[in-house]
Protein chains: 4
Amino acid sequence: MSPRTKAQIDEIREQSREKIIAAALDLFAHNGFHSTSIAQVAAKAGISKGLIYNYFESKEDLLQAIFTEAMKNSEDILTLDPYATAKQRLIGMAEASADFMYNNQEYMRLFLTLMMQPDVVKSMKPWFDTVGKAKKDMLMPMFEEIFPGRAEVEYFFFGAIMDGIGFGYLVLGREYPFEDVKRKFIDYIQNQ
Amino acid sequence: MSPRTKAQIDEIREQSREKIIAAALDLFAHNGFHSTSIAQVAAKAGISKGLIYNYFESKEDLLQAIFTEAMKNSEDILTLDPYATAKQRLIGMAEASADFMYNNQEYMRLFLTLMMQPDVVKSMKPWFDTVGKAKKDMLMPMFEEIFPGRAEVEYFFFGAIMDGIGFGYLVLGREYPFEDVKRKFIDYIQNQ
Amino acid sequence: MSPRTKAQIDEIREQSREKIIAAALDLFAHNGFHSTSIAQVAAKAGISKGLIYNYFESKEDLLQAIFTEAMKNSEDILTLDPYATAKQRLIGMAEASADFMYNNQEYMRLFLTLMMQPDVVKSMKPWFDTVGKAKKDMLMPMFEEIFPGRAEVEYFFFGAIMDGIGFGYLVLGREYPFEDVKRKFIDYIQNQ
Amino acid sequence: MSPRTKAQIDEIREQSREKIIAAALDLFAHNGFHSTSIAQVAAKAGISKGLIYNYFESKEDLLQAIFTEAMKNSEDILTLDPYATAKQRLIGMAEASADFMYNNQEYMRLFLTLMMQPDVVKSMKPWFDTVGKAKKDMLMPMFEEIFPGRAEVEYFFFGAIMDGIGFGYLVLGREYPFEDVKRKFIDYIQNQ
DNA sequence: CATGAATGAGGATTCATTCAT
DNA sequence: AATGAATGAATCCTCATTCAT
């Protein structure tokens with residue numbers, strides 16, 4: 001009965017899925033989760049409303065999928081050179097994070113917004129907590145090595161700068177001297 | 001003529017207005033503007049839905065009023081000691097800002113969120129632009145004095161730290177070592 | 001306790017009542033009964049919303065009062081010269097009616113509208129029926145005298161012209177050649 | 001691709017659209033535009049409230065659609081026999097109009113009501129003006145031919161009778177001797 | 001007599017979701 | 001796999017009416 005092979009179907013499915021996720025990410029990031037309608041997502045993805053429910057159980061499930069997808073793409077941030085010094089590894093991480101932010105603005109926008117208003121989509125809360133904890137677990141050892149005795153405050157200070165740069169860049173866009181600020185940041189770490 | 005004096009009415013109005021603004025700020029900040037219903041605001045303020053429209057023309061007008069109100073309370077941040085050195089004034093501003101953030105978490109949460117998703121409430125965009133510009137106009141002279149030749153990058157780096165601390169504090173709440181990070185920040189400025 | 005005499009109070013009451021009725025008539029006539037709010041009536045009358053309920057039990061009661069009031073002013077239409085011929089009396093009535101319409105446009109507008117949509121304010125239905133029947137009872141004898149054997153059709157034809165002129169005038173306003181059409185109408189009756 | 005063919009969908013849409021328009025016309029005509037709720041329209045049409053917005057952008061758009069629809073059905077009124085005399089054409093038009101009124105009471109009721117209270121739905125005003133002007137442009141030439149020198153007053157007198165008959169019929173319904181009055185009207189024109 | 005703050009029911013509109021095809 | 005008609009709950013907002021003063 002089926003004129004398409006299973007492989008073809010899988011590919012079609014994958015393409016549709018990605019179109020939906022891309023459209024939803026864009027809209028959720030700029031217009032907000034609740035202000036974006038499924039109809040808008042469907043229109044932007046060039047498909048029908050109904051089809052979205054063929055791939056995602058609900059609007060929240062779609063949001064969840066956006067983050068799961070982004071996680072995959074960000075894995076190399078976490079890949080550290082085991083032979084480098086702690087400070088070098090920190091710099092590497094800072095640069096990788098900055099570049100990820102630079103190349104994934106929409107994702108960052110959505111991520112930071114939801115981090116700040118976790119009650120908007122309550123079901124995401126555990127996910128955020130897990131990610132936050134994982135990040136801390138990964139970074140704290142470095143800080144303990146570089147800043148013995150005051151690792152935690154330095155960790156948070158470092159995090160503040162990272163987040164703040166991302167925030168500023170997202171707000172100002174091209175007007176933000178991203179590269180300059182990033183270099184200043186690297187220098188700052190270097191001098192510690 | 002009037003059974004209640006004008007003063008009485010003004011007081012009643014002021015009280016109701018404040019109750020509504022407080023409730024709305026709390027809810028908008030945590031749940032998001034679009035995810036918060038007027039019914040929720042009314043319930044939290046302990047009044048009827050209809051009364052809100054006696055004080056504010058629309059939900060958006062209420063949001064606007066929240067920011068106008070907060071502006072009043074934040075005016076002393078902008079008050080600088082004219083006899084202090086630029087660096088001292090910068091530190092003063094940093095401390096005042098940090099304290100304002102600490103004491104007005106909900107407002108900050110709402111503010112930062114909307115800054116990051118200006119399309120959520122498009123009518124606020126001009127307001128944000130104005131505030132952003134005013135801030136830069138006030139601070140840049142100090143940076144030009146302290147960091148001649150690289151004022152802008154230092155301005156944005158400074159801003160990133162401020163925003164980042166606020167962001168971190170808002171996300172983690174009491175778990176965030178706010179005082180420690182703030183002191184670290186002051187020290188950082190001191191050493192420039 | 002009361003610094004005002006009863007007569008003064010009555011006069012104030014009468015004045016307020018009339019202001020309200022005039023404002024309501026204007027608004028109901030042009031904007032429609034349901035599209036007009038009590039707040040608008042109060043604003044136009046220059047009084048408070050609450051006061052309206054001091055004079056009228058409800059919005060519908062206010063509407064009722066408008067018609068009762070207008071009835072008083074239209075009584076002379078019904079006053080016919082008992083010594084005139086039937087045709088002369090008919091012409092007198094036609095002229096009086098036309099003049100009443102001309103001078104009470106708003107009332108006519110409201111009246112005709114509600115006649116055509118009696119379900120808009122169901123409570124008025126009996127009133128309209130009564131008025132319509134009274135009118136017919138008054139006029140039919142004349143038509144039976146002037147047009148024996150075909151009184152009814154002539155009555156309705158006559159009524160159609162009357163109503164039609166009023167309608168046209170209300171729709172076009174000053175652009176309507178009211179006087180010319182009225183004269184044509186009188187001539188028409190004359191020639192029967 | 002599509003599980004329903006385009007033709008099927010078009011038919012479904014056309015049916016729903018007509019059900020909604022019919023229900024709305026009935027209710028708007030008898031209960032008034034503002035006194036009729038979308039819920040009532042939906043109930044009468046046997047569909048859900050939401051579906052109405054699948055076919056019409058707003059309540060006002062639905063009203064507009066009613067008139068646009070009725071225009072189509074009334075086009076033959078405007079079709080005149082070019083070989084007939086002016087008077088014959090006028091009689092033809094009078095009869096066609098009377099029949100249209102007789103068969104489209106609800107539409108007439110709505111039309112006349114809104115003509116008399118144009119502020120109730122302000123957006124319809126231009127439409128009414130256009131229709132009124134078109135009617136005059138069509139009829140005036142005939143009147144100038146039949147009543148040279150006094151075409152305008154005769155035009156308005158004729159119009160008054162037409163409107164008045166419609167009005168009377170709408171108010172009284174079956175009690176109105178429509179056929180008799182119509183014949184009287186035709187005779188009247190005949191004798192000019 | 002007069003005011004206007006307050007209420008709550010009701011109305012227009014939106015939108016996530018379902019389902020027949 | 002895909003569509004889009006259909007639903008109904010939820011939302012913003014309006015407004016007649018009440019009542020304390």
Side-chain angles (χ1 to χ4, degrees), chain A residues 2-4 8-10 12-13 15-16 34-42 47-60 62, chain B residues 1-6 8-9 12-13 15-16 34-42 47-60 62, chain C residues 2-4 8-10 12-13 15-16 34-42 47-60 62, chain D residues 1-6 8-9 12-13 15-16 34-42 47-60 62:
Chain A
S2 177
R4 293 197 189 95
Q8 279 176 317
I9 286 180
D10 281 354
I12 290 174
R13 279 194 74 87
Q15 279 175 10
S16 289
H34 268 105
S35 316
T36 300
S37 69
I38 288 289
Q40 281 174 289
V41 176
I47 53 154
S48 71
K49 270 180 306 180
L51 191 57
I52 291 179
Y53 288 86
N54 215 316
Y55 293 93
F56 306 96
E57 293 195 349
S58 66
K59 203 181 165 188
E60 288 207 15
L62 171 53
Chain B
M1 279 270 244
S2 184
R4 283 198 192 91
T5 65
K6 192 169 183 320
Q8 279 175 315
I9 285 179
I12 290 175
R13 284 190 74 86
Q15 279 175 11
S16 289
H34 274 109
S35 317
T36 300
S37 71
I38 287 289
Q40 283 174 291
V41 176
I47 54 156
S48 71
K49 272 179 305 181
L51 191 58
I52 291 179
Y53 292 89
N54 212 316
Y55 293 92
F56 305 96
E57 293 195 347
S58 65
K59 204 180 163 188
E60 287 210 15
L62 171 54
Chain C
S2 178
R4 294 197 188 96
Q8 279 176 317
I9 286 180
D10 280 355
I12 290 174
R13 278 193 76 86
Q15 279 175 9
S16 289
H34 267 105
S35 315
T36 300
S37 71
I38 288 289
Q40 282 174 288
V41 176
I47 53 152
S48 72
K49 268 181 307 180
L51 191 57
I52 291 180
Y53 289 87
N54 214 315
Y55 293 93
F56 305 96
E57 292 193 350
S58 67
K59 203 181 166 189
E60 288 207 15
L62 170 54
Chain D
M1 278 268 243
S2 184
R4 283 196 192 92
T5 66
K6 191 169 183 322
Q8 278 174 315
I9 285 179
I12 290 175
R13 284 191 73 85
Q15 280 175 11
S16 289
H34 273 109
S35 317
T36 300
S37 72
I38 287 289
Q40 283 174 290
V41 176
I47 54 156
S48 70
K49 273 180 304 184
L51 191 58
I52 291 179
Y53 291 88
N54 212 316
Y55 294 91
F56 304 96
E57 293 194 348
S58 65
K59 204 180 164 188
E60 287 209 15
L62 171 53

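A, B, ... follow the sequence lines: proteins, then strands. Residue 1 opens every chain.
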Checklist line | Given DNA chain F, 5'-ward residue of the pair B:S35 and B:G50, judged by closest heavy atom | finding: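 The residue whose closest nucleotide sits nearer the 5' end is B:S35.
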Margin query: Taking the nucleotide of DNA chain F with the nearest heavy atom to each, does D:I12 or B:E60 sit closer to the 5' end?
Written below: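 Counting from the 5' end, the first nearest nucleotide belongs to D:I12.
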Notebook entry, point to check: When rounded to the nearest 0.5 angstrom, what distance separates CD1 in C:I52 from CD1 in C:I47?
Noted result: 4.5 Å
Notebook entry, point to check: Starting at the 5' end of DNA chain E and moving along, which residue's nearest nucleotide shows up first, D:Q8 or B:Y55?
Noted result: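 Result of the comparison: B:Y55.
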Checklist line | 5'-most by nearest nucleotide on DNA chain E - D:K59 or C:S16 | finding: C:S16
Should [X] and [Y] count as side-chain neighbours, where that means a heavy-atom distance under 4.5 Å?
X	Y	value
A:I38	A:Y53	yes
D:V41	D:K49	no
B:I12	B:R4	yes

Next item on the list: Could you tell me whether a side-chain N or O of A:K59 sits under 3.5 Å from a main-chain N or O of A:T36, the two making a donor and an acceptor?
Entry: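 Looks like yes, one N/O pair under 3.5 Å.
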Check: Side chain of B:S58: nearest nucleotide among F:dG8, F:dC13, F:dA2?
Finding: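 Shortest atom-to-atom distance from the side chain points to F:dC13.
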Item checked: Nearest non-hydrogen partners of D:L51 and D:S16, listed with the distance -> CD2-OG, 4.5 Å
Margin query: Using a 4.0 Å heavy-atom cut-off, does C:T36 contact any base of the nucleic acid, only the sugar-phosphate backbone, or nothing at all?
Written below: sugar-phosphate
Notebook entry, point to check: What is the nucleic acid contact for D:I47, judged by heavy atoms within less than 4.0 Å: base, sugar-phosphate only, or nothing?
Noted result: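 Sugar-phosphate, no base atom in range.
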Measure [atom1]/[X] against [atom2]/[N] and give the value in whole Å, please.
X	N	atom1	atom2	result
C:I38	E:dA6	CD1	P	21 Å
B:R4	F:dA20	CZ	C1'	5 Å
D:L51	F:dG4	CG	P	15 Å
C:L62	F:dA16	CG	C1'	12 Å
B:Y53	F:dC13	OH	P	4 Å
B:N54	E:dG4	CG	C1'	8 Å
B:K49	E:dA9	NZ	P	8 Å
C:H34	F:dA16	NE2	C1'	10 Å

Notebook entry, point to check: Counting only heavy atoms not in B:E57, do more than 12 fall under 6.0 Å of its CD?
Noted result: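 Count not over threshold, so no.
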Next item on the list: Note the angle between the end axes of the helix from E:dA2-F:dT21 to E:dT21-F:dA2, five pairs defining each, rounded to 10 degrees.
Entry: 10°
